[in-house]
Protein chains: 2
Amino acid sequence: MPLWEYDGVMARAATTSDAFNAIAEPQRRDILGLLRAGEWPVTDLAQELGMSQPQASKHLRVLREVGLVRVRGVGKQRRYSLDAGGLRPVHEWIGGFEQFWNESFDRLDSYVQDLKHDRRNSQ
Amino acid sequence: MPLWEYDGVMARAATTSDAFNAIAEPQRRDILGLLRAGEWPVTDLAQELGMSQPQASKHLRVLREVGLVRVRGVGKQRRYSLDAGGLRPVHEWIGGFEQFWNESFDRLDSYVQDLKHDRRNSQ
DNA sequence: TTGACGCATGCCGTTATGGGAATATGATGG
DNA sequence: CCATCATATTCCCATAACGGCATGCGTCAA
């Protein structure tokens, strides 16, 4: 049966396919943070962040695939650098909620007012 | 053996425990987006977004646990509302990269310059 | 109290994911 | 070509996470 006709149980969807998911992993955020300081060869980066070399490579692969880092070969090394542009969509999405942060307290406050009101009316 | 002495293979760590992970799921982002319009009872929300009621409840639970939504019982309904404050840490983290967005082109440009240079020298 | 409605949970099946360990691949210097 | 350093990939394990489905639970009206 062709894949496009498959109608069985749909399990978990792929998640390491966009910036949102890439930065959901703490270690990948650490990597990005480190890369703000400039280029890093994998081994140094792994040691600096206390992770194994394979793990570093794997995380870097994810970051590469979603376009958050770039690589450049220098001798036997592969130096990774930041490509922060990929974070822009996330920033913009979050930006759509910025106006609601300050409202939070107001809403909570009016909510509390409602509670008081209800209590007054029921005692 | 007590959990704290367990030293076997450490598998995947829990991921639905903070805002970063909560918003990594597209449907949860949809829910948050919808909640900007105000309070929503679960069923309406599920229908509006084309997801099953149980799925909506499950996603809402995650959002509740990481503090991105609030609930309020109204009759038999449970009305969910936005608690955008939880997005603030994400926004701040991303903010730490904002200065690198515009730099991106410069970096890419100098990278291209290097390439040209290398080609000139090797032909 | 009994239905009915609205929602939360539990269970199952499938896939994704992260970590460790071992191994493959690539580039460099001799 | 060969040995070596730097990385990437593969294999395996354990478990988290999603979706569908069935069911439990709480609230309200009759």
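The chains referred to below are lettered A, B, ... by the order of the sequence lines, with proteins before strands, and numbering in each begins at 1. This one's a predicted model, so the numbers in the text were calculated from it and none came from an experiment.
In this structure Asp44(A) satisfies the side-chain contact (heavy atoms from CB on, under 4.5 Å) test together with Trp40(A), Pro41(A), sequence neighbours excluded. With sequence neighbours excluded, no residue satisfies side-chain contact (heavy atoms from CB on, under 4.5 Å) with Thr43(A). With sequence neighbours excluded, the residues satisfying side-chain hydrogen bond (donor to acceptor under 3.5 Å, both in side chains) with Arg79(A) are Gln77(A). In this structure, the salt bridge (charged side-chain N to carboxylate O under 4.0 Å, His left out) partners of Arg61(A), at least two apart in sequence or on a different chain, are Glu65(A).
Glu65(A) places its CD atom 10 Å from the P atom of dT17(C), with the value rounded to the nearest Å. For the pair Ile31(A) CD1 and dT7(D) C1', the interatomic distance rounds to 14 Å; values are reported in whole Å. Rounded to a whole Å, the CZ atom of Arg28(B) is 13 Å from the C1' atom of dG19(D). Distance, Phe20(B) CZ to dT17(C) C1': 19 Å, rounded to whole Å. Straight-line distance from the CD atom of Glu25(A) to the P atom of dA17(D): 12 Å, rounded to whole Å. Rounded to whole angstrom, the span from the CG atom of Asn21(B) across to the C1' atom of dA16(C) amounts to 13 Å. When rounded to the nearest whole Å, the span between CG of Asp18(B) and P of dA17(D) equals 10 Å. Per the geometry, CD belonging to Gln47(A) stands 11 Å off P belonging to dA6(D), to the nearest Å.
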Restricting to nitrogen or oxygen on both sides, can you table the protein-nucleotides 6-8 of chain C pairs closer than 3.5 Å?
from, atom 1, to, atom 2, distance (Å)
dC7(C), OP1, Val42(B), N, 3.1
dC7(C), OP2, Thr43(B), N, 2.8
dC7(C), OP2, Thr43(B), OG1, 2.0
dA8(C), OP1, Arg78(B), NE, 3.3
dA8(C), OP1, Tyr80(B), OH, 2.5
dA8(C), OP2, Ser57(B), OG, 2.4
dA8(C), N7, Gln53(B), NE2, 2.7
dA8(C), N6, Gln53(B), OE1, 3.2

Just list the side-chain donor-acceptor pairs under 3.5 Å for residues 90-98 of chain B, sequence neighbours left out, or say none.
none

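Note that the CG atom of Leu68(A) and the OG atom of Ser81(A) stand 11.5 Å from one another [nearest 0.5 Å].
Both His59(A) and Val74(A) sit near DNA chain C, but only His59(A) has its closest nucleotide nearer the 5' end.
Relative to the side chain of Gln55(A), the nucleotides dG18(C), dG20(D), dG19(D) differ in distance, and dG18(C) lies closest.
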